[in-house]
Amino acid sequence: MRVLALDYGSARCGCALSDPTGTLATPIEAVERPATRKGFARVVDLVRDREAERVIVGLPLGLSGADTDQTREARAWADRLSAAVRVPVELYDGRFTTAIAARAGSDRTSEDSRAAAVLLEDWLARHAREVAG
C-alpha cells in the first residue's frame with residue numbers, strides 16, 4: 001500500500017511517500033501555500049499522480065495534547081482534502097516531527113518534507129500489518 005504523508009502548514013505542506021511495500025518513507029517536494037486554490041489542487045493532484053492509497057495528515061497538537069489554533073486549521077484542511085480525494089485521509093499526531101527533522105538536516109529536501117517523512121515512518125511502524133496486508 002502506498003501512503004502519502006502531509007505535514008500541513010499554511011505556508012508550506014511537507015510531503016513524504018512510502019514505497020509500495022510500506023517499508024520506506026521518502027521526502028518529496030513540498031507544496032507551497034496548500035490552503036490556496038492552486039496549492040490545494042497540487043495536493044489533490046499529488047494524491048492521484050503518486051497513486052496514494054491512503055493519506056496521513058500530521059495533527060499539530062499542543063504539547064499537552066490539546067488542540068491549538070493550528071490544530072483546528074489542520075483538521076479543517078484535512079476534512080477538505082478528504083472530500084476531494086477518493087482515498088482515506090487520516091489525522092495522526094504530528095508532535096515533535098519538525099524538531100526531529102531539523103536534527104536530521106539535509107540540503108536536498110525541505111525540513112517540512114523531512115517532517116512528513118518522520119510522521120510517515122512512525123505511522124508505518126505502528127501500522128505495519130495493515131500496510132502489508
- [ ] Given side chain to side chain contact (heavy atoms under 4.5 Å, CB included), test Arg12 with Asp112 step by step and report yes or no.
- [x] CA-CA 7 Å; Arg12 215 170 3 275; Asp112 300 291; 2.6 Å; yes

TODO: Applying side chain to side chain contact (heavy atoms under 4.5 Å, CB included), run through Asp122 and Tyr92 and close with a yes or a no.
DONE: CA-CA 10 Å; Asp122 189 55; Tyr92 192 72; 2.7 Å; yes

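Closest approach of Cys15 to Leu6, counting heavy atoms only: SG-CD2, 3.7 Å. Heavy-atom minimum distance, Leu120 versus Ala5: CB-CB, 3.6 Å. Gly62 approaches Thr71 most closely through the heavy-atom pair N-OG1, 4.4 Å. Scanning both residues, Ala74 and Gly58, for their nearest heavy atoms gives CB-O, 4.2 Å. Of all non-hydrogen atoms in Met1 and Glu53, the two that sit nearest each other are CA-OE2, 3.4 Å. Across every non-hydrogen atom of Val89 and Ala78, the tightest pair is CG1-O, 3.9 Å.
Sorted pairs that involve residues 12-38 and meet ring-ring contact (aromatic ring centres under 6.0 Å, His included), not counting sequence neighbours, are lacking altogether. Within the structure, every pair that satisfies the salt bridge (charged side-chain N to carboxylate O under 4.0 Å, His left out) test and touches residues 59-70, not counting sequence neighbours, is listed here: Asp67-Arg75, Asp69-Arg72. Residue pairs meeting the ring-ring contact (aromatic ring centres under 6.0 Å, His included) criterion with at least one partner in residues 12-37, sequence neighbours excluded, are absent.
Looking at heavy atoms from C-beta onward, Ser18 lies in side-chain contact with Leu124 at the 4.5 angstrom threshold. Inter-residue side-chain proximity for Leu17 and Val3 is flagged as unmet; no heavy-atom pair is nearer than 4.5 Å. Counting heavy atoms from C-beta on, the side chains of Ile56 and Leu4 never come closer than 4.5 Å. Thr68 has its side chain out of reach of Leu61: every pair of non-hydrogen atoms, C-beta onward, lies at least 4.5 Å apart.
Without hydrogens or angle criteria, Asp19 side chain to Leu24 main chain gives a donor-acceptor distance under 3.5 Å.
Among residues two or more places apart in sequence or in another chain, the salt bridge (charged side-chain N to carboxylate O under 4.0 Å, His left out) test is passed with Arg80 by none. Residues passing the side chain to side chain donor-acceptor pair (under 3.5 Å) test with Thr26: none are found, sequence neighbours excluded.
Judged by distance alone, the side chains of Gln70 and Tyr8 never bring a donor and an acceptor atom under 3.5 Å apart.
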Identify all side-chain donor-acceptor contacts of residues 28-42 below 3.5 Å with residues at least two apart in sequence or on another chain.
unit_1	atom_1	unit_2	atom_2	d
Thr36	OG1	Arg33	O	2.8
Thr36	OG1	Gly39	N	3.1

